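Owing to the predicted nature of the structure, the values given are computational and were not obtained by experimental measurement.
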Amino acid sequence: MNGWQQLSDRFDLLTRREQILILLSGWVALLFVGFVVVIEPTMKDVTSIKRQLVSAANELVSSDNQIAAINRKLNSDPNNDVDKKIERLEQQTDGLNEQLTDRVASLVTPIQMSGLMEEVLRRTTRLKLVSLESQAPVQLINGDDEGYFIHPVQLTLRGRYFDVVNYLEQLEALPVKYYWRSFSYQVDKYPWADITLNVYTLGESKDFIGG
């Protein structure tokens, strides 16, 4: 009698309840082995595949965002910011040119400069004109012979302090304007002094100031 027959005989001797319990235990054991051998590895594979799908979806979203950003850059004008800066600078330049034009319009003209100072000097007999020189003009902004030029005049006088003050006050009261570059006051023999004035105006021509 083989082992299987012995087990069968022993199973037949058991009560109905014991037989049912043995059968249920056997099925549970089979199901457990099947779960460990087949179902659990399959579930692990499914979980791994889900993770791979989630990772692939994230990469796809990231790629879509990068493509959208690239498309925005391609559709935008790369020179837009530069054009705006140029436009702002041009507006600033126009505003400065208007201010300069208004300022120059209120200045004495280069041709009138020397004669104007001599005319004011004639109003006083207490100052002696030593020299009055129109110096070489200097271009305000280097470049072509265009734009504005600085026209300097150097005036040397001899007299006393208060006579000089009076002369300067008359110059400052003139309806036309000019710029001061330098002023030198050197006492020679008190109360007499030599005074050197350097003033200038602006003009659109580089011709020397007449006078």
Side-chain angles (χ1 to χ4, degrees), residues 72-211:
R72 285 195 298 270
K73 290 182 179 180
L74 291 175
N75 293 329
S76 63
D77 184 1
N79 296 324
N80 189 41
D81 292 339
V82 176
D83 292 339
K84 289 182 179 179
K85 289 181 180 179
I86 292 175
E87 183 179 356
R88 287 197 298 269
L89 290 174
E90 288 178 345
Q91 291 175 353
Q92 292 176 4
T93 301
D94 291 340
L96 292 174
N97 284 334
E98 290 179 3
Q99 293 180 20
L100 183 59
T101 300
D102 294 340
R103 184 66 60 87
V104 172
S106 66
L107 294 174
V108 60
T109 64
I111 296 177
Q112 296 172 334
M113 188 72 157
S114 299
L116 185 66
M117 293 198 165
E118 287 186 286
E119 178 63 28
V120 176
L121 186 61
R122 292 192 191 100
R123 299 176 187 176
T124 178
T125 58
R126 297 183 178 182
L127 288 177
K128 178 182 178 183
L129 176 62
V130 178
S131 66
L132 178 61
E133 298 179 1
S134 298
Q135 299 178 330
V138 179
Q139 193 171 12
L140 188 61
I141 300 177
N142 293 331
D144 298 331
D145 290 340
E146 297 180 357
Y148 292 99
F149 292 83
I150 297 173
H151 292 273
V153 171
Q154 181 172 287
L155 182 68
T156 303
L157 305 170
R158 183 169 177 80
R160 293 177 296 186
Y161 174 78
F162 288 104
D163 297 328
V164 174
V165 171
N166 180 62
Y167 177 70
L168 296 179
E169 289 175 345
Q170 293 185 58
L171 288 179
E172 286 294 313
L174 291 174
V176 290
K177 302 300 179 183
Y178 52 89
Y179 294 107
W180 291 88
R181 173 173 283 181
S182 64
F183 173 82
S184 174
Y185 183 89
Q186 298 290 332
V187 176
D188 181 14
K189 185 177 180 181
Y190 184 83
W192 302 99
D194 291 325
I195 305 97
T196 302
L197 304 177
N198 283 284
V199 295
Y200 67 92
T201 188
L202 297 177
E204 295 182 354
S205 173
K206 66 178 179 179
D207 294 336
F208 284 111
I209 300 174

If every non-hydrogen atom of Asp163 is compared with every non-hydrogen atom of Arg126, which pair is closest and at what distance? OD1-CD, 3.2 Å
Any heavy-atom pair between the side chains of Thr201 and Phe149 that's under 4.5 Å? no
Is it true that Thr156 and Ser131 share a donor-acceptor pair across their side chains at a distance under 3.5 Å? yes
Given the rule in the side-chain contact (heavy atoms from CB on, under 4.5 Å) test, do Leu129 and Leu155 qualify, once you have shown the distances and angles that lead to the verdict? CA-CA 8 Å; Leu129 176 62; Leu155 182 68; 3.3 Å; yes
Among Val199, Leu197, Ile150, Val153, find the residue that satisfies the side chain to side chain contact (heavy atoms under 4.5 Å, CB included) test when tested with Arg181. Ile150
For a quick test of reading the model, state the closest non-hydrogen atom pair linking Ala136 to Pro152 and the distance between them. O-CD, 3.5 Å
If you look at every heavy atom in Gly203 and His151, which pair is closest and at what distance? N-CD2, 3.8 Å
Would a 4.5 Å heavy-atom cut-off, applied to side chains only, mark Gln154 and Thr196 as touching? yes
Minimum-distance pair of heavy atoms, taken over all atoms of Gly159 and Ile195: N-CD1, 4.1 Å
Decide yes or no for Asp194 and Leu157: does some side-chain heavy atom of the first lie under 4.5 Å from some side-chain heavy atom of the second? no
Spacing of CH2 belonging to Trp192 relative to CZ belonging to Arg160, to within rounding of 0.5 Å: 5.0 Å
Looking at Phe183, I want to see if its CZ is surrounded by more than 12 non-hydrogen atoms of other residues, nucleotides or ligands under 6.0 Å. yes
Check whether any side-chain heavy atom of Gln170 sits under 4.5 Å from a side-chain heavy atom of Leu174, and report yes or no. no
Glu172 and Trp180, any side-chain heavy atoms less than 4.5 Å apart: yes
Are any non-hydrogen side-chain atoms of Tyr161 and Tyr185 less than 4.5 angstrom apart? yes
